[in-house]
Every structure is written in structure tokens, then in C-alpha cells.
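In this chain, numbering begins with 1 at the start of the sequence shown. Worth saying up front: this structure is predicted, and the values here are computed from it rather than measured.
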Amino acid sequence: MEVLVLVAFFFTSPGDSLFKEGDFFNAISEYKRELYFAASDSNLLLRKIALCYVKRGMFEDAASYYSDILYENSSSEIQMLFAICLINLKKYDEAYLVVEDFTDSLSRILLSIASALGGNYSEAFQILDSLKLEHPKYFSLNKLTTLTKIVPGLGLVFLGDFPLFIGTLALNGLGVYLIYYYLKRGLLYEALFTGYPIIERFYLGGIRNTKVKYRLYYDNFFKSLLKQLSYELVRREEAFLFNR
């Protein structure tokens with residue numbers, strides 16, 4: 001038993017020990033040293049270095065390593081990890097191209113995330129529908145802004161912000177009331193410079209808020225989905241690299 005422990009000690013990579021301790025900075029240094037001296041399989045070492053960078057949130061460096069790894073290993077797992085790095089770098093079109101030809105569920109979900117965060121929500125939700133995954137009801141931005149133009153702030157209701165809708169509607173109503181009040185008394189100047197500015201500010205503000213809330217509403221969902229998917233892919237990569 002003692003012999004097995006000693007053998008395990010001498011054959012355990014210092015980088016692996018540091019990784020398991022969560023010391024990714026020094027683990028990277030050890031893996032690079034091993035890579036320099038060809039102390040282990042170079043492809044595995046590159047994957048370990050890339051994973052360390054992912055764990056540290058250094059996606060530019062991780063993407064660079066995954067790009068190199070893909071020359072020798074074009075597995076879907078590596079492609080997806082590479083795409084995750086690109087998405088975190090806001091390179092949505094590049095991420096889309098990386099996974100667009102894969103047909104497995106995780107790759108398709110990643111494709112929907114790249115589409116959505118790149119601004120193509122319609123395609124993103126079509127992909128999720130094809131996978132029968134639950135998601136927020138999809139509304140086109142044009143539809144919601146049109147509703148907001150008809151009834152000030154109405155589009156915000158469909159984005160779950162009822163209080164902001166009520167505030168927008170009330171302030172526009174106040175502007176209308178003031179215009180009516182002053183015009184009834186023949187006070188054209190007061191109507192133009194008191195009631196109208198309120199309507200202009202909060203009517204247009206409602207349209208702007210709808211556009212901003214629209215992006216936040218859907219992006220938050222897809223960012224949460226990205227977080228879950230990243231966790232799963234990193235877990236799988238760790239299991240492959242360290243439980244061999």
C-alpha cells in the first residue's frame with residue numbers, strides 16, 4: 001500500500017495538484033514547464049492550460065489555446081469550450097460559426113445563445129423550440145415598440161415591468177391633462193411649454209425603455225443559460241482530464 005502511495009506521489013503532476021487546490025495561476029506555470037520539457041502528452045497539457053484560463057475568467061488566453069488545440073483535436077467538446085470563450089469575448093458571429101454544424105443538444109443550445117446575444121432572438125428561440133426547451137415567450141421588438149407607441153409603455157408589460165408601465169402611462173396622462181387644462185383656458189403658451197414637454201419626454205422615454213428592457217429581458221435569460229452550459233462543459237472537461 002505504501003509503495004502505491006509513493007508511486008502515485010511521484011507520478012502525479014504538480015500542475016494537477018495545484019489545479020485541484022484551485023491555484024490555477026501556478027498550475028498554468030507548471031503545465032507550461034511540463035510542456036517545455038515534454039513531460040507529458042502535449043495535447044492534454046494544452047487542454048489543461050486552456051481550462052485553467054477558463055477557470056480564471058481569462059477567455060482571450062483560453063480561446064488562443066483552444067484555437068491551437070483544434071488543429072489536432074476537433075472534437076465537439078473542444079469546439080464548444082472555444083465557442084464559450086468567444087461568446088464571453090462578445091465575438092458572437094465567430095462563436096456561431098464554430099458550432100453551427102454540430103447537431104447534438106448542447107451545441108444547439110450554445111448556437112442559440114450565440115444567436116441571441118448577437119441580436120438574432122428569433123433564430124435563438126426557434127432553436128430552443130426545436131429542442132423542446134422551456135424559455136420566456138418570444139415577442140418581436142417591433143411588436144412591443146408598436147404597442148408602446150399606441151399605449152405609452154404598454155410593451156413593458158410583456159417584459160414583466162408593470163410598475164414602469166404604470167409610471168409611464170401616468171406621466172403621459174398628466175401631460176395630456178395639463179394640455180387639456182391650459183387649452184380649455186386659452187393658455188396656448190402654457191400648454192406648449194408645460195404639458196407637451198412632459199408627453200414628449202415620457203412618451204419617447206417609454207419607447208427607449210422598451211428597447212432597453214427588451215434586450216435585458218432576453219439577454220439575462222440567455223446569459224443564465226450560458227452559465228449553466230459552461231458549468232456542465234467545464235465539469236465534463238475536468239472529469240476527462242483528471243479522472244483518466
Side-chain angles (χ1 to χ4, degrees), residues 1-115 117-118 222-244:
M1 181 65 178
E2 291 179 357
V3 173
L4 291 175
V5 171
L6 287 171
V7 169
F9 174 79
F10 284 112
F11 282 90
T12 297
S13 161
D16 289 354
S17 298
L18 290 165
F19 184 97
K20 292 173 182 177
E21 292 171 6
D23 187 355
F24 306 117
F25 177 82
N26 286 312
I28 290 170
S29 298
E30 282 296 329
Y31 289 139
K32 287 182 177 180
R33 184 184 64 80
E34 291 178 36
L35 189 63
Y36 179 79
F37 289 106
S40 184
D41 184 290
S42 62
N43 188 267
L44 289 178
L45 285 172
L46 290 172
R47 289 176 71 166
K48 289 178 180 180
I49 294 170
L51 187 59
C52 284
Y53 280 124
V54 169
K55 299 283 268 185
R56 295 191 68 203
M58 299 174 68
F59 297 107
E60 189 79 54
D61 296 285
S64 177
Y65 273 88
Y66 282 127
S67 180
D68 291 339
I69 294 166
L70 286 171
Y71 283 110
E72 295 184 10
N73 184 348
S74 59
S75 68
S76 62
E77 290 79 8
I78 299 300
Q79 300 265 27
M80 285 191 286
L81 286 166
F82 182 40
I84 282 173
C85 293
L86 293 173
I87 290 173
N88 278 283
L89 293 168
K90 303 186 187 307
K91 297 179 179 180
Y92 306 121
D93 290 341
E94 292 180 40
Y96 186 98
L97 292 173
V98 169
V99 294
E100 67 173 335
D101 293 327
F102 290 100
T103 57
D104 62 282
S105 296
L106 290 182
S107 295
R108 299 301 292 170
I109 294 172
L110 196 54
L111 188 67
S112 74
I113 294 170
S115 297
L117 297 181
F222 282 100
K223 285 177 181 177
S224 175
L225 200 57
L226 176 65
K227 185 176 180 180
Q228 296 172 45
L229 186 58
S230 298
Y231 175 83
E232 176 60 22
L233 289 173
V234 167
R235 185 192 67 78
R236 289 188 183 190
E237 183 71 351
E238 284 187 43
F240 173 79
L241 292 173
F242 301 108
N243 298 329
R244 295 169 62 79

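- With contacts defined as side-chain heavy-atom distances shorter than 4.5 Å, the pair Ile84/Val54 does not qualify.
- One finds the CZ atom of Arg56 at 13.0 Å from the CG atom of Leu51 (value rounded to the nearest 0.5 Å).
- Looking only at side-chain heavy atoms (C-beta outward), Lys90 and Leu117 stay at 4.5 Å or farther from each other.
- Between Glu77 and Arg236, no side-chain nitrogen of the basic residue sits less than 4.0 Å from a carboxylate oxygen of the acidic one, so the salt-bridge criterion is not met.
- The shortest distance between side-chain heavy atoms of Arg108 and Phe102 does not fall below 4.5 Å.
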Exercise. After noting the C-alpha distance and the side-chain angles of Glu34 and Ser13, does the key distance pass the side chain to side chain donor-acceptor pair (under 3.5 Å) rule?
Worked result: CA-CA 9 Å; Glu34 291 178 36; Ser13 161; 2.5 Å; yes
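- Here the CD-CG distance, from Glu94 to Leu89, works out to 9.0 Å after rounding to the nearest 0.5 Å.
- Remark: side-chain polar atoms of Ser74 are not paired, donor with acceptor, to backbone N or O of Leu70 under 3.5 angstrom.
- Asp16 places a side-chain heavy atom less than 4.5 Å from the side chain of Lys48.
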Problem set entry | Verdict with supporting geometry, Phe240 and Leu44, side-chain contact (heavy atoms from CB on, under 4.5 Å) | CA-CA 10 Å; Phe240 173 79; Leu44 289 178; 3.8 Å; yes
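- Distance check: Asp101 CG to Gln79 CD gives 9.0 Å after rounding to the nearest 0.5 Å.
- Rounded to the nearest 0.5 angstrom, Met58 CE and Tyr65 OH are separated by 10.0 Å.
- Between Ala83 and Ala95, the closest heavy-atom pair is O-CB, 3.7 Å.
- Counting all heavy atoms, side chain and backbone alike, Ala27 lies closest to Gly15 at CB-O, 3.6 Å.
- Among the candidates Tyr31, Phe25, Tyr53, Phe24, the single residue satisfying the ring pair (Phe, Tyr, Trp, His ring centres under 6.0 Å) test with Phe19 is Phe24.
- When only modelled atom types and interatomic distance are considered, Ser107 and Asp104 share a side-chain donor-acceptor pair under 3.5 Å.
- When all heavy atoms of Ala63 and Phe82 are compared, the closest pair comes out as O-CE1, 3.3 Å.
- Under a 4.0 Å N-O distance rule, the pair Glu238/Lys20 does not qualify as a salt bridge.
- For Ser67 (side chain) and Ser64 (main-chain N/O), no donor-acceptor pair under 3.5 Å exists by modelled atom type.
- The CD1 atom of Ile49 lies 11.0 Å from the CG atom of Asp61; values are rounded to the nearest 0.5 Å.
- Contact check for Arg33 versus Pro14: side-chain heavy atoms found under the 4.5 Å cut-off.
- Atom CG of Leu233 is separated from atom CG of Leu226 by 9.5 Å, given to the nearest 0.5 angstrom.
- The shortest side-chain heavy-atom distance between Glu237 and Ile78 falls under the 4.5 Å cut-off.
- With a 4.5 Å cut-off on side-chain heavy atoms, Met80 and Leu229 do not count as touching.
- Checked options Val98, Asp93, Leu97, Leu81; the residue passing with Leu86 is Val98 (criterion: side chain to side chain contact (heavy atoms under 4.5 Å, CB included)).
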